[in-house]
Amino acid sequence: MELVSVLKQLSNEENSTLYVSILFGIVIITIFLFLNFTRKKNNQNLPPCPPKLPFIGNLHQLGTLPHRSFHELSKKHGPLMLLELGQVPTLVVSSADVAKEIIKNHDVVFSDRPQTTAANIFTYGCKDVGFAPYGEEWRQKRKICVLELLSVKRVCSFCFVREQEVAELVGGIRESYVRNKGSCVNLSELLISTSNNIVSRCILGQKYNPPKDCNDKNFGELGRKLMRQFSCFSVKDFFPSFGWIDSVRGLISEMNATSIAFDSFLEDVIEEHIIRRRNKEKKKGDDHFEKKDFVDILLELQENNMLQFEDSQDNLKAILVDMFVGGSDTTSTTLEWTFAELLKNPKAMKKAQEEANNFKCESTKVFINAWAIQRDPKLWEEAEEFIPERFENNQVDIKGLDFQLIPFGVGRRGCPGISFGLVSTGYVLANLLYWFDWKLHGEDEGDIDMDEMCGLTQQIMKSFEGRMASSFSVLKQLPYEKSSTLYLLSTIGVISIFLLLKLTRTRRNKSNNLPPSPPKLPLIGNLHQLGRLPHRSFHELSKKYGSLMFLQLGQIPTLVISSADTAKEITKNHDIIFSSRPQVTAAKIFVYRCKDVAFSPYSEEWRQKRKICVLELLSLKRVKSFQSIRQEEVVELVNSIRESCATSKVGSVINLSEMMIAASNNIVSRCVLGQKYDAPKDGRSNNFGDLGRKLMKHFADFCVGDFYPNLGWVDVLRGLIPEFKTTFAGLEACFDELIEEHKRMKKNNEEPLSIKKDFVEILLQVQEDSVLDFQLTGEAIKAILADMFVGGSDTTSTTLEWTFAELLKNPNVMKKAQEEVRRVVGRKSKVEENDVNQMNYLHCVIKESLRLHPPLPLLVPRETLSGVEVKGYDIPPKTRVFFNVWGIQRDPELWENPEDFLPERFENNQVDFKGQDFQFLPFGTGRRGCPGISFGLTSTEYILANLLYWFDWKLCDKNGQLLHDVDMSELCGLTVTKKVPLHVQPIPYYSNSVTKEESRDSPEFQNPNPDETKSNSCVHLLRELAERSTMGSPSGLATVQGRQPLFSFGLISDVQYADIPDGRSFHGVPRYYRHSILVLQRAVKEWNALQKHKFVMNFGDIVDGNCPKDQSLNAVKKVVDEFARFRGPVYHMIGNHCLYNLPRSKLLPILEIQSIDDGCAYYDFSPVPEYRFVVLDAFDISAVGWPKDHPRTLEALKFLRERNPNKDKNSPRGLVGLERRFLMFNGGIGKEQMEWLDRVLQDAMKLKQKVVICCHVPLDPGATEYEALLWNYDEVMDVIHRYNCVKVCLGGHNHRDGYSIDSHGVHHRVFEAALECPPGRNAYGNVDVYDDQISLVGIDRIESKRR
C-alpha cells in the first residue's frame, strides 16, 4: 500500500523522467531486468549506438527536447543511430540521404506504427489512420481521408469557415486595440483558439468553444484534456511489461474517463447529424448546416456502402479523433513559430506584409528527425537563420519529394492533410500581417524567447504578447472651426471654477510620453495661440516645437502634423487609428447626427456610403456626364462678363470673386440638386441659395461645445444652436420638396429638367435598388446631399480665386497660360473640355496654386480611435488631429523657393495631389482623402480656361483705379479665402477667325430655350444649332455651314428583339423586347427619308438571348428583313446575343457577312477613297457561338478559368477593377484577326486613309463599364496605336452612351441600346463624315458628339 501511495503522489509530477527514476527502487522487477539484459541479440550488425545504462537504455539521454538530444547524439554517432529506449529498440534517422533510401527502397517495411497507450484508448484500439498498423484496412481508411475529407476541393469548400473564424480573430484583436490602451494580446492563445475552431467546425460542425448561448455542447474542455493526455508519459510505451504501473498511478483511469466522455460527445454529434439527415432539415442562414462537415461526409459514405472496411461507429469516431488531433495543434504551433520568427526578423515581417488590395528491423520504433535534417548545414546555407528568401525561385517543397524538407513526413505514412492545415495557416497569417503591424510586448525587439516545450507538438515555451498598430488607410474630414476667443473669454469668467476642477483632474492612466507642446494657460490650454489664421500659427509653433506637436485646445487634446515624413508614417502604419472624426456641433445638426460621409465616424456603414459617392456620384464617368451643365454655366459666366464690357463705355470693373463663386455654386447645385443655386422659387417654400449661404457660414462658426464638450449649453444660451436649427429646418424642407418632386416625376414618367441624372435621382435609385448592406434612409440621403454641396462649392471657388489672384500677381505666368489656352483652342468658336486635357501648363498653374493655397490648409480634423505610438511618442485616444498641409507644402526642405509662385516646378514632374506624394496633399490622403477631386478640378480647369481664352485682364480696385499689386491677405472661414475680393477689368479677346459680331451671335454664348431642352428628342435643336454655327473644328463634331460631307451613314445598336413580354436586365434596367423592332422601323424610315446615307451600320445583338430557341431563326430573319428595307447596303456585326440564338454557320449567311477565316466575322470596306471602315469580330475567342469542342471555345474557357474564380463565369463577384471584364458574355480577338488588323492598318497608312474601327464590344475602359469591355482590349489598342490613321472606335454592348479619348487621341464612342427605349422613344443616329471631322446627330437617347 505504501508503494501505491508513493506512486499516486508522484503521478502529479509533470516531468516524465521522475516516473522513470522510481523504477530503480522497485525490487520486484529485478528478475525482468536480469532476463532483459542477458538475452542474446539475433542481429549483431546494428547501427551505431550511444552507451546505454542498465534497464533504461538510452532514456536518460532524451532530455526535455528529444529532437535536440537526438541531433547532438547524431553528430557523434552518425545519421543512422540505434537507441534502446527502455525495452523498445529505436532507430533515429538524421540525414536526408538515409531518409530518401528508406522511403525509396523500404517504404512498406517502415510503414507500421507502434501501438501507444493513448492511441489505443482514444482511437478505439488504433482503428484510425494516424496510429493504425499498416494493412489493407488502413489503406482504405487513408484513401477515404485523402479523397473525401482532405482533398483540395474539400479544403476549398471550407473557405467560409476560415474566413469567418479569421474575421472573428481580427475583429477581436481590433476591438481589444480600440478598447484598451497599450492593447497587448496573448497572440499564442488567440492562434490556438482560432485554429481549433476552424478544425472543430470542419470536422464536427461546431466551434471548439461555442458561445454560452449556443446549443452546441462544449467540446473545448474535452479537446484540451485529450490533447494533454496524448502527450503524457506512459510507462507502457517504453516498458511494455510494466503497463500496470500506468494503472496504479491513475493515468489509465484518467485517460479512460476522458475517452468515455469524448465518446459520448461524439455519439451525440453523430446522432444529431443522423437525425438531421433523416429528416432532411437544414437551418437556413447557418453556414455549418449548409456545408458538409466530416461527420456528414463519413455518414454519407456509410449510407452509400462506399466504405471498404467495417463501417462500425468506432471506426468513424476514430477517424474523427484523428482529424482533430492531427489538425489543431499542428496548425496553431506552425502559426506560433512562424509569427515568433517574423517578430524576431523585422525585415522578413516587413517583406511578408508588403506581399500580403497556399524502418530498420522488426518491432523497432523509428524516428525520422526532420528537425535535424532541416537544419543540416550540408543541405542548408546558414541553416540556423530564418531566411524565407531561400525558397524564392527554389523548387524544394514540403510535399515529401525533397528529403531535405519533410516537416509533414514522407512516403505512405506522410501526412494526408497538408492542404487542410496549410490553407488555414496561410490564411490566418496573411490576415494578421495585412490588418496589423506588430510589436513584441515586454521584450526588446529581436530578443524573443525561442525556448521550446515538448508536448504533442513542439511549442514555444513562453506565450508571446503582441502590441499591434492597425494598418488601414488614413482618413479625413471637413473644415475646422473659426476661433472666437473674445466670446470664449467672456464666457469662462462665469464657469472658471468648474473648468479648473475639470481640467486639473489627474488621469492616472494617461501617458506622460506626449509629443512636445507649447506652454498652456489654465482653462483654455493653447487656444490663445491659434490666432485668426490657425494654419499660420501652427506653422510658426512647429518651427520651435517640431513637426509633431501636442496642444490642448480647451478640453480637446490636439495633435498637429507639420511634416511629410510624419504624415507618411501615420498613413502607412496607423491608418485605422487616425480614421475617425470629431463630432462637431454643426455636423451633428446639419448632417443628421453625422449620417453623412465627411463627418461620419469610421465604420462599415461609412465605407458603404463612401463607396456610393465614389462609384455612383463622383466617378469619372459621372463627372463627364455633367459636361453640359459646366458648359452652360460657363457660357452664362462669359456672357455676363461680355455684357458688362458692352454696357460700359469706359473700362468696366467686375467683382470676379463673386462671379466665380456664383458659377461654381450653380454647377455644384445643378449636379447635386438639379437646380441652380439661386433658382426662382417656383412655388417652393425656400430658396436654396439663401439657405446654402447660411449653411456655409454656420459651418465656420465657433462653437463652445466643440472645445468644451461639457459646456455645449453655452451655445444654446448665446443663440447659436437655435439659429442652426432654424437654418436646418429650412434646408430640410428644401431637400424634402426636391426629393418629393423627383419621386413624382419618376412616378409620372416625366422628363427631368436636366437630361442627365442629378445626385438626388441617383441616390433615390440606389435606395430603390436595395443593393446595399445597410439601409439608405431618407436622412442619410439628405446628409449626403449636404455633404456634396458643402464639399464641392466653396473649395472650387476658393481654388479659382487664389489661382486667378496669383496669375494677376505674376503677369508672365498669366501670359504663358493664355498663350497655351489660345493655341490649343485655335480657330474654334468655343473652349471644349477635351481641349483642357491638352493644356499642360494650365494644369501646372492649378497645381502650384493648390500648393501655395490649399482650400483647407489643415484639411478636415480627424480623431484617433485609440492610443498609438508615433515617432516614439504616445498619442492618447480621442485626440483631435490636424494635418497642416499649408506648412508641409511650403517646407523649404521639400520645395525650392517655396514662397514663390512657379508653375514650371511641376513640368516634367510626377508629383501629384492624389495622396501618394506626401509633400503635396491639398486633398488629403488615404481612406478619408477627398473622393471628389475630379468633380471639383474639372470645373476649376474649365472655368479658368474660358476666362483666360475670352478675356485679357487688368487689376484694379472696386472704383476702377488700376493697381500694380494684389492684396493676398487671407480670411479664415469654411475655407481660407482671399480677404479682399478680386476686382478686375476684363478686355474681350477676339481671335483672327472670330469677329466681334460673330462671337456675340455664336450659339455657344446664347442661353438655350428651356422648352427645347425638355423635348423628348434633341435632334431638331441640335440641327438648328448646327445651322447657326460659324466655324467647324478639326477635332470637333458640328455640322459645318456651307460644306457637304464626303458621305453619311446611319447607325443603331443592340436591337435585341424578341416576341416576349418586357423584362429587366441584371441591373434592373427595363427592357422592351417587342418595342425595339419599332425603333428600328422608325430609324429605317428616317434614313430613307434623308436620302443621303450611303450605308447603315448595325452594331450587333439584333435578337435577344431570351428569345425562345424555336423562334430564333424567324426572329433573326424578321429583324434582318427590317434592315433590308433601307435603300442601301447594311453592314452587320455579331454580338453575344446573336450567338446565343444561332450558330455562326447559320448566322453569317443571313447577315451576309463574308467570312475571311473559318467562320470569323471580321472584314473591312471603303465607302470613299479617303476612309476605311474596319469591322472586328469581338467573339473570335469566345465560349459562345463556336462548337463546344472547337479550339476557340476551349481557349476561351481556359482563359476564363484562369482569371475568373466564380463557378458562374458571367458573375464578376470578387473581381476588382479591370478584372471585371473577364466574363463569359464578353469575348476576345485572336491572333489571326490581330495580324489581319495590323495588315489592314498598314495598307490604310499607305493609301493615306482615315480609319473607323467598329466592334460590338467596346475597346476603351473610359467609354464603358468594365463588365462590358473586350477581354484583350489592350492588345487590340496596342496594334491600333501603332498607326495614326485610326480616328475613332465605335461600339455597342454596354447599352449606355459612353465617350472617351484615349492616351493617343483616338476617340471612343459607345451607343445606347434600342432595346432599352421605352415606347415612343428612340435610339439611333445619323453621321456626316467630312475630310477633317465626323459629326454624329444622335436621335433621342443617343447623345450627339463630334470627333
Side-chain angles (χ1 to χ4, degrees), residues 174-175 177-181 183 469-481 507 509-511 514-515 517 525-527 530 534 538 548-562 566-567 569-571 573-591 593-607 609-610 699 702-710 712 783 787 791 856-870 873-885 921 924-930:
R174 188 181 299 150
E175 182 180 349
Y177 190 84
V178 172
R179 185 176 61 248
N180 304 321
K181 295 180 180 179
S183 190
S470 298
S471 53
F472 297 88
S473 298
V474 174
L475 309 163
K476 75 181 190 341
Q477 193 179 253
L478 271 168
Y480 51 83
E481 285 67 46
R507 298 182 181 179
N509 60 345
K510 183 177 179 180
S511 170
L514 299 173
S517 175
N526 302 101
L527 266 177
L530 281 186
F538 287 158
L548 193 66
M549 185 170 56
F550 194 80
L551 308 177
Q552 191 77 29
L553 301 182
Q555 288 179 299
I556 305 300
T558 304
L559 188 70
V560 180
I561 290 101
S562 302
T566 308
E569 178 181 337
I570 288 173
T571 303
N573 300 331
H574 310 294
D575 291 354
I576 195 63
I577 307 301
F578 287 81
S579 66
S580 201
R581 294 293 199 205
Q583 308 294 287
V584 297
T585 305
K588 286 190 283 189
I589 293 175
F590 291 117
V591 289
R593 300 170 300 283
C594 300
K595 291 183 179 179
D596 63 332
V597 175
F599 295 97
S600 173
Y602 180 77
S603 65
E604 181 59 29
E605 183 172 324
W606 169 82
R607 291 179 66 250
K609 289 177 182 175
R610 190 180 192 276
F699 260 109
F702 175 82
C703 295
V704 175
D706 292 338
F707 296 92
Y708 299 93
N710 297 314
D787 242 15
L856 298 171
L858 300 175
L859 300 180
V860 182
R862 308 178 189 180
E863 187 175 83
T864 55
L865 288 168
S866 63
V868 65
E869 184 179 309
V870 178
Y873 297 107
D874 293 328
I875 311 302
K878 289 288 183 181
T879 296
R880 192 168 296 179
V881 182
F882 290 101
F883 286 79
N884 191 356
V885 296
L921 299 172
T925 182
R927 278 182 172 85
R928 289 284 189 175
C930 175

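Sequence positions, counted from 1, serve as the residue numbers for this chain. Given the structure is predicted, the values throughout are model-derived calculations rather than measurements.
For the pair Gln555 and Pro709, the minimum side-chain heavy-atom distance is below 4.5 Å. Residues Pro601 and Trp606 have side chains not in contact (no heavy-atom distance under 4.5 Å, counting atoms from C-beta outward). Counting only heavy atoms from C-beta outward, the side chains of Pro582 and Asp706 never approach each other to under 4.5 Å. Counting only heavy atoms from C-beta outward, the side chains of His574 and Glu569 approach each other to under 4.5 Å.
The structure places CG of Asp787 at 9.5 Å from NZ of Lys609, a figure rounded to the nearest 0.5 Å. Interatomic distance, Arg593 CZ to Ser600 OG, rounded to the nearest 0.5 Å: 12.0 Å. Taken to the nearest 0.5 Å, the OG1 atom of Thr864 stands 11.0 Å off from the CZ atom of Arg880. Atoms CD1 and CG, on Ile875 and Leu514 in that order, are 7.0 Å from each other to the nearest 0.5 Å. Between Tyr602 atom OH and Arg610 atom CZ the span is 10.5 Å, to the nearest 0.5 Å.
Not one N or O on the side chain of Ser562 forms a donor-acceptor pair closer than 3.5 Å with the backbone of Asn884. Counting only distance, with no hydrogens or angles, the side chain of Asp874 and the backbone of Gly867 share no donor-acceptor pair below 3.5 Å.
Among all heavy-atom pairs drawn from Pro534 and Leu858, the shortest one is CB-CD1, 4.0 Å. Among all heavy-atom pairs drawn from Ala567 and Leu921, the shortest one is CB-CD1, 4.4 Å.
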Could you give me the CA-CA distance, side-chain angles and deciding distance for Ser579 and Leu865, then say whether side-chain contact (heavy atoms from CB on, under 4.5 Å) is met?
CA-CA 7 Å; Ser579 66; Leu865 288 168; 3.2 Å; yes
Walk me through it: do Phe883 and Phe578 pass the test ring-ring contact (aromatic ring centres under 6.0 Å, His included)?
CA-CA 11 Å; Phe883 286 79; Phe578 287 81; 7.1 Å; no
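The side chain to side chain contact (heavy atoms under 4.5 Å, CB included) test applied to Leu548 returns Pro515, Leu559, Ile561, Thr566, Val870, Lys871, Tyr873, not counting sequence neighbours. In terms of the side chain to side chain contact (heavy atoms under 4.5 Å, CB included) criterion, residue partners of Leu553 (sequence neighbours excluded) are, by chain and number, Asn526, Leu527, Leu530, Leu551, Thr558, Phe707, Phe882.
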